Amino acid sequence: MTSQRQERERYKPHEIEPKWQQRWVQDELYRVRDDDPRPKWYELTMYPYPSGDLHIGHWYAMSPADAHARFRRMQGYNVLHPMGFDAFGLPAENAAIRRGIHPFTWTMSNIENMRGQLKSIGASYDWERELICCLPEYYKWTQWLFLQLFKNGLAYKRMAQVNWCPSCQTVLANEQVVEGACERCDTPVIRRDLEQWFFRITQYADELLDFSKLDWPEKILTMQRNWIGRSEGADVSFDISECGLPEQEIRTFTTRVDTLFGVTYMALSPEHPLAEALTTPDRKAEVQAYQEQARHSSEIERQSTEREKTGVFLGAYATNRINGERVPIYVSDYVLMSYGTGAVMGVPAHDTRDFAFATMKGLPIRVVVAAPDWDGNALDEAYTGEGIMVNSDFADGLPNRQGATAIVDRIAEQGHGRRTVTYRIRDWLISRQRYWGTPIPVVYCDTDGIVAVPEEDLPVLLPEDAEFKPTGESPLKRHEGFVNTTCPQCGGPALRETDTMDTFVDSSWYFLRYTNPHFDQAAFDPELVRQWCPVDQYTGGAEHAVMHLLYARFFTKALRDVGVLQFDEPFVRLYNQGTILGEDNEKMSKSRGNVVNPDDYVGTLGADAVRIFLMFLGPWDRGGSWSSTGIQGMSRWLNRVWDLCTRDASSQGKGTEDGTREVVRQTHKTVKRVIEDVDGFHFNTALAAMMEFTNFLAKAWDRGEADAGSWAKAVESLVLLLAPLAPYVSEELWERTGHAYSVHQQALPTWDEEQTRDEEVTLVLQVNGKVRDKIIVPANLSEEDARILVEQSANVHRHIEGKEIRKVVYVPGRLLNVVVG
RNA sequence: GCCGGAGUGGCGGAAUGGUAGACGCGGCGGACUCAAAAUCCGUUGGGGGAUAACCUCGUGUCAGUUCGACUCUGACCUCCGGCACCA
């Protein structure tokens, strides 16, 4: 055997991998046919940003996804598993400013490099369908889609207080502000008033909360639910007619209308439009100073819950119409202009924030919902639970939920309020004051105002000769040739919009474009979209929960309403892979020096080893740590697989009858386990099953138990099962075992349930639930026979001797438990 | 604070009511080698016992359900992720 092994060729990944890579390209093995009659399966992985280097995180996202797509192909589906590049975005422009390279050049050369690295993964991408969203052939249609939203009132421009990142020199969407700082660069965000373009995502808030058609991780649904933040409550208006202003009332939103009799003050956001007018002359200076201070404090400072409540009395009063009481009006920065109406009714007894504020200002705290154990004394803290209404006139004595109904009915009757729903989500701000993005296709004309660029004039091209300087101003703004244009309506002089779109607009529809990425008649070919979409299985990181994944859902629904799509949801199933960490269990980063370069391992151990190691290190959705010794183990195993599969089985002779039967049984068992595991993304246990199988085969060979036929079948099954996970070595072994090219066009092996059953099993003998003996018995052993056998076990005997047998539990094929007392 | 998820050998993990620790890494012992690397074989949760038989402890903690609990129930602790002055 040893001598034979030396004669055979060894596993040389660095030789076979480039060979098959070329062959597959040459044969167009992964070309996806639209006219294939098999059922379709669209399996999509989130496309990467072309940063220039394919790192191990990309491999972790892509190789298991590719394995699953290949697996579906071997299951008989016509699989679309495309790849492309999220090619617009800030890093390219920053490189242009710092190093003088044009963003286009920088991006395309990065793509060039990454495409090569991607090919080494051995993924089954059809490169004919590659999509690059910074090319005019793509962004022309991003602009076209923008125009459809614009024409349908789903895209609009308005002045708004927006998040501005001073480092990125652009506004950000709410979704891109994390704890008051820029999601990209961590710079604290400041607020600015700017005229900006928005998409009306709020119009879809309720529909976006309907997840009934989705098979998505609960975690993502929860995050989207929280982000949309639907709360049911009531609008209540307070009378300010005594102040002599045009406005007669202040509207507030509350989820606790039952506490309306407990209002002892009102608080407005510092940015509230009525704040200034309501301020009495003697308070002007103080109020203005407070507003000024609020404007300059950062989001982080303002949003800190630990901070003490502050605020200033305006000098004015509002009347609570339910009881005719006059309450003082304050401004306070704990009230956010962006939520509800920007004004709150202060109920210190039943809201922790209001309690803190009232305590600070010495305002009355009136209990209107009595806790079951309330003794009538002053509260130490706000009571936010359920209770019986008190101090509330007609509502007294009611449980507070019923009290809420009574009160809202009364104010609705009197026209001072009504039931309403408020959302946390705001419209999606898509303007970016940067060059490297899709230009927003509108012009501004003195006569006609905002005018959409006619569809036949698309694309609005990015000027190639823009200048990139660190001034913080968009190069488009300074580019006269770009800015100055004529109005499509009146022909007079007009100015182009110089803002570009958030790159999340590009990725909100890219999955549609893959069906025919070079189609020049429309954004997508409706026929092919009908055929391929929606995406059956989407995979990617959970960090996109309330950005990309929410935007793409919105876009799909909006395009449906515009009339160009027929479905409601872009991604039917979603799987989030975890994060790959460095060898030190820390997030990989250059500063930590724990970054793993996949190319190093591809060059030595091969792409297959990298792929299967990433799949083996644990459940895919949990992530895991890189291990340089762990991957050696995978490589060792591939060598063993190679060795087993290249043996000459005819030298084995006839084997033994029992041995052969066992080889057949283990083959069927393994086929079943691996197929079920890979189907459910459990790559780690699928590989473990194959390893157990190879361990078994090696032993069976050494004992001379297998006959040539069962051995060949075992090897064939193993190679087929391995093919989706380790495509190169499987292809090579498929050829070397005398099969016709290509393993990747084969069907998965099948198993026969009957053949997976063991004839003999280990029966565990327990006394009072403790294992006392193990015996080998026929699988179909009857309970009577089992009871006889247990009598013969000396060990069991010792533990039941002299004791009364109370009960015997027999689980066929598993155990027999004798309960004694 | 609220909402998720997770706690199992030296490490990654397996087992979702029935033999805890599959599989892999690492360790130890051995074969091959002048030697090393690579490879192969054996062994590997802790304690007791003689390296045996066997006993005992052991899946974050404490209770409970059950013949039997990593698995189910309740309370708590820790870690990770998300959200957070949202009225």
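Within every chain, numbering begins at 1; the chains are lettered A, B, ... in the order of the sequence lines, protein sequences first and strands thereafter. Quick caveat: nothing in here was measured; it's all calculated off a predicted structure.
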* Asked: Nearest to the side chain of A/Arg426 - B/G26, B/C23, B/C86?
  -> B/C86

* Pick the P atom in B/G7 and in B/A15, then give their distance to the nearest Å. => 11 Å

* Asked: For atom C1', what is the distance between B/C70 and B/U8, given to the nearest Å?
  -> 7 Å

* Asked: In whole angstrom, what separates A/Leu763's CG from B/G68's P?
  -> 19 Å

* With respect to the phosphate group of B/C55, does any side-chain polar atom (N or O) of A/His799 fall under 4.0 Å of OP1 or OP2? -> yes

* Asked: So, is the end of the A/Arg611 side chain (NZ or CZ) under 6.0 Å from the ring centre of A/Trp59 and within 45° of the ring's axis?
  -> no

* Structure fact -> Ranking B/U19, B/G12, B/G24 by distance to the side chain of A/Arg640, first place goes to B/G24

* When all nucleic acid strands are considered with a 4.0 Å heavy-atom cut-off, which category describes A/Val819: base, sugar-phosphate, or nothing? -> sugar-phosphate

* Spacing of the C1' atoms in B/G48 and B/C62 (rounded, Å) -> 28 Å

* Indicate whether OP1 or OP2 belonging to B/U56 is found under 4.0 Å from a side-chain N or O atom of A/Arg772. => yes

* Asked: Base, sugar-phosphate alone, or nothing: which one does A/Gly229 contact when heavy atoms must sit under 4.0 Å apart?
  -> nothing

* Asked: So which nucleotide from B/A87, B/C85, B/U19 ends up closest to the side chain of A/Val771?
  -> B/U19

* Asked: Going by atom types alone, do A/Asp206 and A/Tyr423 pair a side-chain donor with an acceptor below 3.5 Å?
  -> yes

* Return the nearest nucleotide to the side chain of A/Tyr339; candidates are B/C54, B/C25, B/A87. => B/A87

* Asked: Of all the choices, B/C54, B/A14, B/G24, which nucleotide is nearest to the side chain of A/Pro619 once you look at every atom?
  -> B/A14

* Please measure how far the C1' atom in B/C76 lies from the corresponding atom in B/A87, and state the result in whole Å. => 33 Å

* Could you let me know what B/G42 is paired to, Watson-Crick or G-U wobble, both distances under 3.5 Å, or none if it's on its own? => B/C28

* Can you tell me how far P in B/G5 sits from the matching atom in B/U56, rounded to whole Å? -> 38 Å

* Asked: Checking A/Tyr60 side chain against A/Trp620 main chain: does a donor-acceptor pair fall under 3.5 Å?
  -> yes

* Contact class for A/Asn795 vs. all strands (heavy atom < 4.0 Å): base, sugar-phosphate, or nothing? -> sugar-phosphate

* To do: Check every atom of B/A20, B/A6, B/G18 against the side chain of A/Arg814 and return the nucleotide holding the closest atom.
  => B/G18

* Which value, in whole Å, describes the distance between the P atoms of nucleotides B/G60 and B/U71? -> 8 Å

* Rounded to whole angstrom units, what separation is found between the CH2 atom of A/Trp626 and the P atom of B/G12? -> 17 Å

* To do: Name the pairing partner of B/G7, where a pair is Watson-Crick or G-U wobble with both distances under 3.5 Å, or state none.
  => B/C77

* To do: Calculate the interatomic distance between A/His682 atom NE2 and B/A15 atom C1'; express it in whole Å.
  => 13 Å

* Structure fact -> Assign each of A/Gly623 and A/Val764 the nucleotide of RNA chain B bearing its closest heavy atom; nearer the 5' end lies the nucleotide of A/Gly623

* Asked: Can A/Lys309 be said to sit on top of A/Tyr334's aromatic six-ring, NZ or CZ under 6.0 Å from centre and within 45° of the ring axis?
  -> yes

* Measure from the side-chain heavy atoms of A/Met691 and tell me the nearest of B/A87, B/G24, B/A14. => B/G24

* **B/G68 pairs with, by Watson-Crick or G-U criteria that keep both distances under 3.5 Å** => none

* Whole-Å gap separating C1' (B/A6) and CZ (A/Arg622) -> 7 Å

* Just call it for A/Gln632: base, sugar-phosphate, or nothing, with non-hydrogen atoms closer than 4.0 Å on any strand. => nothing

* **Side-chain N or O of A/Lys770 closer than 4.0 Å to phosphate OP1/OP2 of B/C57** => yes

* Determine the interatomic distance between P on B/U59 and the same-named atom on B/U19; round to the nearest Å. => 15 Å

* **Residues A/Tyr339 and A/Ser231: side-chain donor-acceptor under 3.5 angstrom** => yes

* **Nucleotide B/G26, atom P - distance to CZ of A/Phe613 in whole Å** => 11 Å

* Asked: Does B/C2 have a Watson-Crick or wobble partner in any strand here, with both distances under 3.5 angstrom, and which is it?
  -> B/G82

* Asked: Which is true for A/Met634 with a 4.0 Å heavy-atom rule: it touches a base, it touches only sugar-phosphate, or it touches nothing?
  -> sugar-phosphate

* Asked: Which nucleotide sits closest to the side chain of A/Arg424: B/C83, B/A87, B/G18?
  -> B/C83

* Asked: Does the side chain of A/Asn795 pick up a donor-acceptor pair with the side chain of A/Arg798 at under 3.5 Å?
  -> yes

* Asked: Are A/Thr202 and A/Asp427 linked by a side-chain donor-acceptor pair shorter than 3.5 Å?
  -> yes

* Asked: For the pair made of CG in A/Asn684 and P in B/A14, what is the distance, rounded to whole Å?
  -> 5 Å

* Asked: A/Leu617 near the nucleic acid: base, sugar-phosphate alone, or nothing, with a heavy-atom cut-off under 4.0 Å?
  -> sugar-phosphate

* Asked: Taking the six-membered ring of A/Trp642 as reference, does the NZ or CZ atom of A/Arg10 fall below 6.0 Å from its centre and within a 45° cone about the axis?
  -> no

* Can you find a side-chain donor-acceptor pair between A/Gln577 and A/Arg622 that sits under 3.5 Å? -> no

* **Nucleotide of B/C23, B/A87, B/G4 approaching A/Lys219 most closely (side-chain heavy atoms)** => B/G4

* To do: Using a cut-off of strictly less than 4.0 Å, decide whether A/Arg636 has a side-chain nitrogen or oxygen near OP1 or OP2 of B/G26.
  => yes

* To do: Take atom CZ of A/Arg10 and atom C1' of B/C40, then tell me their distance rounded to the nearest Å.
  => 13 Å

* Structure fact -> Assert: residue with more 5' nearest nucleotide on RNA chain B, out of A/Thr685 and A/Glu218, is A/Glu218

* Looking at B/C67, does its base get a donor-acceptor pair with the side chain of A/Asn817 below 3.5 Å? -> yes

* Which part of the nucleic acid does A/Thr252 contact within heavy-atom distance under 4.0 Å: base, sugar-phosphate only, or nothing? -> nothing

* Asked: Closest to the A/Glu692 side chain: B/C23, B/C55, B/G18?
  -> B/C23

* To do: Could you check how far CZ of A/Arg806 sits from C1' of B/C67, rounded to whole Å?
  => 11 Å

* Nearest-Å distance once atom C1' is located in both B/A37 and B/C32 -> 12 Å

* Structure fact -> Relative to its sugar, using the 90° cut-off around 0, the base of B/G9 is syn

